[in-house]
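In what follows, a structure is listed as structure tokens, so that the remarks can point back to it.
Computed from a prediction, not measured in an experiment: that's the story for all the values here. Here is the naming used below: chain letters follow the sequence lines, and residue numbers restart at 1 for every chain.
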Amino acid sequence: MKQCAVLRLCAGAALAGLFVWRGAAEEGVGNGGPEAAAAPAAAALPAARLASEAGVVRVNTTVQSYDFLRPWNKRQPAALRGIGAVLEGGRVLVSAALVANSTYIEIEKAEDAVKCEASVEVADYEANLALLRPAKPDFLAGVRPVRLAAGARVGDAVAVLQLETGGTLAASPGRVTSIELTSYPAAEAPFLTFKISIPLQYRDGSHSLPVADQSGALAGLMLRYDARTQTMETVPAPVIAHFLRDAAAPPYEGFPRAGMRFAPLRDPALRAWLKAPEGGAGIFVESVVPGSPAARAGVRSGDVLLKAGPFEIDADGNFEHPQFGELGSAHIFSTEFFSGEDVPLRILREGRVREVVMKAAPRPAASFAVPPHSLDRPPPYLVAGGVVFTELSRAYLNEWGGRWEASAPVSLVQLDRYQDSLLAPGTRVVIISQVLPTDETIGYEEVRHARVLTVNGVAPKSLREAALALEKPQGGFHRIEIEGEPGLLVLDARRLEAVDKAVARAYGIPSLRRLD
Amino acid sequence: MAQAPFDNAKGGTGGRLLRRAGWAAVAAAALMSGGARAETAAGQGADAPRRGGPGVASSLVKITTTSAEPNYRIPWSPGTVQSGTGAGFVMGERRIMTNAHVIGRATFIVVEREGDPRRYPARVVFAAHDSDLALLTVDDARFFEGMPPLEFGGVPELESTVYAYGYPVGGERMSVTRGVVSRIDFQVYSHSGVDAHLAVQIDAAINPGNSGGPVMQDGRVVGVAFQGYSGDVAQNVGYMIPTPVIRRFLRDIEDGSYDGYVDLATAYSALRNPAMRASLGLPDDGIGVYAHDVLAGGSADGRVRKGDVILAIDGLPVEANGFVRLDGALVEMAEIVERKLKGETVTLTLLREGRRVETTFPLKGIWPARMNGNQYEEDPPFVLFGGLLFQPLSRGLFEAYDFSDARLRYFYERFVPDQLYKERPEVIVFSAVLPDATNTYLTPLPPAIVDTVNGRRPRTLEEFAAALDEPSPQVVITLLGSGRPVILDRAAVEAARERILENYGVTTERRIVPLKTD
């Protein structure tokens, strides 16, 4: 219970102590001499011990993402730092953003700056959570694990934990201002968040920051921080608990998704037309993703969802959560249930109430026709005769920057945006990202970001199918039909191998293909 | 890749070219900025005519236009009144030639001439918004006294010197600018924003107020100054409309009406690749372009097929880059079609599945491409129903709302290339709500595209309005890509009607402009 006692004071008295220690450390570094350096190391010890007793460690990662326009290429590596929370069993919980596309991960103890390489046990990019395991099983033996908070209430005092360069723990006090759903960076549906009002200094290692409640338990991990409004959004304890329970029973399944889009049902004219009862119950199902759990349960566009699990849904799509009050119904589907569980739904169709059962299931990024993220997944590609084939993904569109929806080619944007109605489940969009100039590709140099319609007469539903079609030239030629100019690319099949060798040499391409 | 004519229909090409508004209408603003650095020689009228040719000053006309710029967000409003100045010149039969953008949407036009303090009201006889040319006349015969008509010349040679006359940045006295012909090429005419024709680039500064003025060489008009470059990319670059475009305009109006440009409506691309040529059975003779798309309803529909190779046009061999040799010069194949009038025929020699095929067919325009162009002839069409505003998709609408919605962007940019006009000749956009107690729950829905009305799919705004008028207690409007229909109770719409019109100052509830598909 010592841990709790210390952290309970974080927001008040203990904070003053921390500032004292930090001051001493900075002074020592400033002097720089050998004698001066010896003193702060000793002086900082109590605070470092505090960090280990608070169950936090530093996590350093090197990440390297792929260049989706030149898919054989990796970008310049970047170093990230963050703070992880030590859990039972010697594992460390961090934001998944800290380890996405990582090439090297290490855990560093605040106490003595001893490092140990670590690997990702489970990462869920939608929920932005990852579990790390140090290479040495007993590396964290001396660190007291944190306890997960049961929840939080609006108005609760919390503390965000950061580590100073010297390993000193800094706790900044804040307050929970609201509990609601918010969009997570890599997720297609919203998740629960605790919003915290907190003035936070920028410190080295801001990619993953634990938030402790007044009892010293882990209330959440930082999701994002807006320095202008001094507001932090967190991945809250209930989402972490869901993640940990799922991770405890491998294989990790992930947060389920229903596959419904809703529209408010306040409009009396629409309610009357749907024969929905007067008053505020039920949300309008605007669309249902084909093949999704909701679709398999028989829910259709135009239905009214009245109840999901034990929760009545109101006309704005909210329900009364016993602990957090009014929340959006997406929370029920993602966090109140686990993949594989049955979710009873009550729907209204043509004035009649029906009960259906939905089998909760996740929607992994790789199952999308245009994957919403490709973290840790190198882009597939194929170079044939200087023509670079790949598959359309959100990561590819993100190469146009933050405003990709307005600046990327509109034909590709709409395939991403409306993929559920435009593309069959289980298919991918094969595109030519560019044509590397060679003597065989004269006249094709300007082909870019073009959707491939057919390869030797076959409409490919994946890059692998395109690769297979390229093994069957027609009359000595490969004929590739594309959307837009010039409509058709023809390659001499006999020359392909020689050209590819020359292309690989000239453009430094280590391998001419990477198929899923 | 050869440029397919209708590919100019794509959205954001107008970035660098001076937009229409940056020309005549914003002349006053340009007075303070762009005009000062230009190499204009204002006030040297006495010396200039000798170089450009005698008598230009006495044929030059200063045109002041008052126009009303519609606001697509309040389409019932008559628009903002503004004025601008441009130039023109007398060309016989009491006619003044100028740019269409000088007189676009004009409500009142006055003309002045050198050495005469009077202002004469003028009126438009013909306006060609696709080639930015117009003819005016003045009913007061005194205006033309002592104004010798100017004669037209040919296309000036590269590196030759020309003289541009006009009233840049709105000055009272004529100005003359000297420049060298630096390029002769196809250019997008920014007045319509979608039409590309031959244009001559000169290194003289063409500024607002030069518009419509004659560009002279050896005493003849070799062009009409019409647009320049804005921004920092290029300076001292001006463009003029050359005489082939002017002569085509004059030929088109001979029958008393302007019919506009025609197009092959076929997207073709260069055939430079040896493997591609070999697979199509073509010899290595550098002849032929690949037809990769034929627009439904266009001139070549049913005549040219996707996959054909175009070998010759009107007997002239088409080179692999899409150029033909015409009067000794290489010009884009489109230039052959450009010079023809509506209904005139073209003959293509095609290679289809290894066989030579010859086809002759009459030419017409591409009406769907007008959606992506600026509109001058009609005020914005719309229908207001129950406080909900419905407008056909157009360049004016798209720019007024600056839509970022991916579906609207797709329909706007891919309307012609993906032939979306086949199913929806007019894309009806639910663009806005004028909030009222009867429609308050519908305010989050726009912008969206109307799919059906009471179960039927309207192809035009006219059909949409007719469907709304059919007596039914309820109107059910579905929106593309959304399962959430708009349900309107006719009695409630009727009860709110006068209130909404009065509250929002709406003078008229609908303006239906029948869609022209010829």
Cut-off 4.5 Å, heavy atoms of chain B, and the answer for A:Ser421 is neither

A:Tyr444 side chain reached by B:Ser269 side chain, heavy atoms, under 4.5 Å: no

Out of B:Pro274, B:Ala320, B:Ser482, return the one with the most heavy atom pairs under 4.5 angstrom to chain A. B:Ser482

Quick check on A:Glu481 against chain B: is it the side chain, the backbone, both or neither that has a heavy atom closer than 4.5 Å? side chain

Residue A:Arg261 versus chain B: region with a heavy atom under 4.5 Å: side chain

Contacting moiety of A:Arg266, where chain B heavy atoms sit under 4.5 Å: both

Side-chain heavy atoms of B:Phe415 within contact of B:Leu393, under 4.5 Å: no

So for B:Ala291, is it side chain, backbone, both, or neither that comes closer than 4.5 Å to the heavy atoms of chain A? neither

Is A:Arg479 close to chain B through its backbone or its side chain, or both, or neither, when contacts mean heavy atoms under 4.5 Å? side chain

Side chain, backbone, both or neither: which part of A:Leu491 has an atom under 4.5 Å from a heavy atom of chain B? backbone

What part of B:Pro444 gets closer than 4.5 Å to chain A, counting heavy atoms only: side chain, backbone, both or neither? neither

What part of B:Val476 lies closer than 4.5 angstrom to a heavy atom of chain A: side chain, backbone, both or neither? side chain

